[in-house]
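Have a look at the structure below, then the notes.
The figures here come from the full heavy-atom set of this structure, side chains too, leaving out hydrogens, waters and symmetry mates. Counting starts at 1 for both ligands and their atoms, in listed order.
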Amino acid sequence: MAADTANAARPEWQRSRRIVIKIGSALLVDRASGRLKATWLNSIADDIAGLAAAGREGILVSSGAIALGRHVMGLPRGPLELEQSQAAAAVGQISLASAWQDVFRARGLTAAQVLLTLGDTEERRRYLNARRTMDTLIAHGAIPVVNENDTVATAEIRYGDNDRLSARVASMMSADCLVLLSDIDGLYTAPPAQDPSARRLDVVAAITPEIEAMAGDAGSELSKGGMVTKIAAARIAIGSGCHMIITSGKVLHPVQAIAAGAPCTWFLAPSDPVTARKRWIAGNLEPKGVVEIDAGAEKALMSGKSLLPAGVRRLEGGFERGDAVLIRSLDGREIGRGLVAYGRGDAELILGKKSSEIAGILGHDGRSELIHRDDMALARG
Ligand code: GLU
């Protein structure tokens, strides 16, 4: 493990060509005045311009719309009603986009605003469309500046936090690396403010239950995501073959700092390639339920087989045929994600049964697998 004083980034950083950078509201917007932090904004624009000059592709996921808008509208501090945050986002997003446009224009670069709603990554046709648009922008040298379309996103259909959104964007765009600029410089073994023996991890190679247990809450008033949403983002990124970094954005030039070996936590994706379909399944669908499987089925999955009803012990959630579900072991480990061939009702009837019994139980022929291996992305790690 490298020490905090390392003065070079991991080789994965040099090899990353397409990089998604997520910027939280707390870094961009001054809490007291409700204004953008101009010096910081300019410093990160320098960093992105530096990436572009080196032939690398930066994609920004920028929060800040609600934080900016609520101040202009004179909304009270504390949690907002959904309608209030939708309205605040409408006001704030204009200033946010215009600020990015100004700082990039000053560096000879073009900013492109991309506002996404959950359906844009959940529905495959819209997903392919959004990806094509962003690819076109990048091919023309524009810098996509992405945010959730908060003004039309309601409680049921929103990503909700930009940690997850940025992981979905990284997955959708086949990025090499996702950088979460945070108010903390990585994942700690315990909340550092409360536990003096807390230690920052340099590298996380697999998201185990221990890693999940470390995710205390590092959220601040302005940002939605604490460590929990960052770990959720890491799962999505890693499952899609994209590395992820959590590092502090509280310094000027935070991206240059990564190259210079600044303290951070790397979540490393395995090096074997992930097919486009599996990338979508792992990274872009909100699971509607859980399928708990026994050890025999887990072994079968690991050796590349499909999930048969016989190996399923328990189900959760009101999923329908074709929905994404989490595949878990009996001790709660996430084994992967997949699209189910049966809705909860039918699945409940055939659970634990042999595939040859399916037709007799349901009264019609159906697929012999509950989740076909082509419709499955294993967590791999
Ligand atoms: N989309 C929200 C905004 O721009 C931010 C969500 C988040 O901070 O995670 O204000």
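Contact annotation: for Asn162 versus ligand 1, heavy atoms closer than 4.0 Å belong to both the backbone and the side chain. Residue Asp150 touches ligand 1 through its side chain alone, judged by heavy-atom distances below 4.0 Å.
No donor-acceptor distance shorter than 3.5 angstrom exists from the side chain of Asn147 to the backbone of Leu115, with no hydrogens or angles considered. Looking at Thr151, its side chain does come within 3.5 Å of a backbone N or O of Gln86 through a donor-acceptor pair.
Residue Ala89 places no heavy atom under 4.0 Å from ligand 1.
Atoms of ligand 1 found under 4.0 Å from any heavy atom of Ile66, numbered from 1 in the order shown, are 3 (C), 10 (O). For ligand 1, the atoms sitting less than 4.0 Å from at least one non-hydrogen atom of Asp161 are 9 (O), numbered in the order shown with element in parentheses. Close approach of ligand 1 to Ala65 (heavy-atom distance below 4.0 Å) involves ligand atoms 3 (C), 4 (O), 10 (O).
Considering only residues two or more places apart in sequence or on other chains, Arg18 meets the side chain to side chain donor-acceptor pair (under 3.5 Å) condition with Glu57, Asp135.
Nearest heavy atom pair, residue Leu36 against residue Ser95, reads CD1-O, 4.3 Å. Among all heavy-atom pairs drawn from Ser306 and Leu301, the shortest one is O-CD1, 3.7 Å.
The N/O atoms of Gly64, backbone and side chain alike, include one that comes under 3.5 Å of an N/O atom in ligand 1. Close N/O approach between Asn147 and ligand 1 is found [any backbone or side-chain N/O within under 3.5 Å].
For the pairing with Tyr342, the side-chain contact (heavy atoms from CB on, under 4.5 Å) check across Leu351, Ile371, Ile358 returns one residue only, Ile358.
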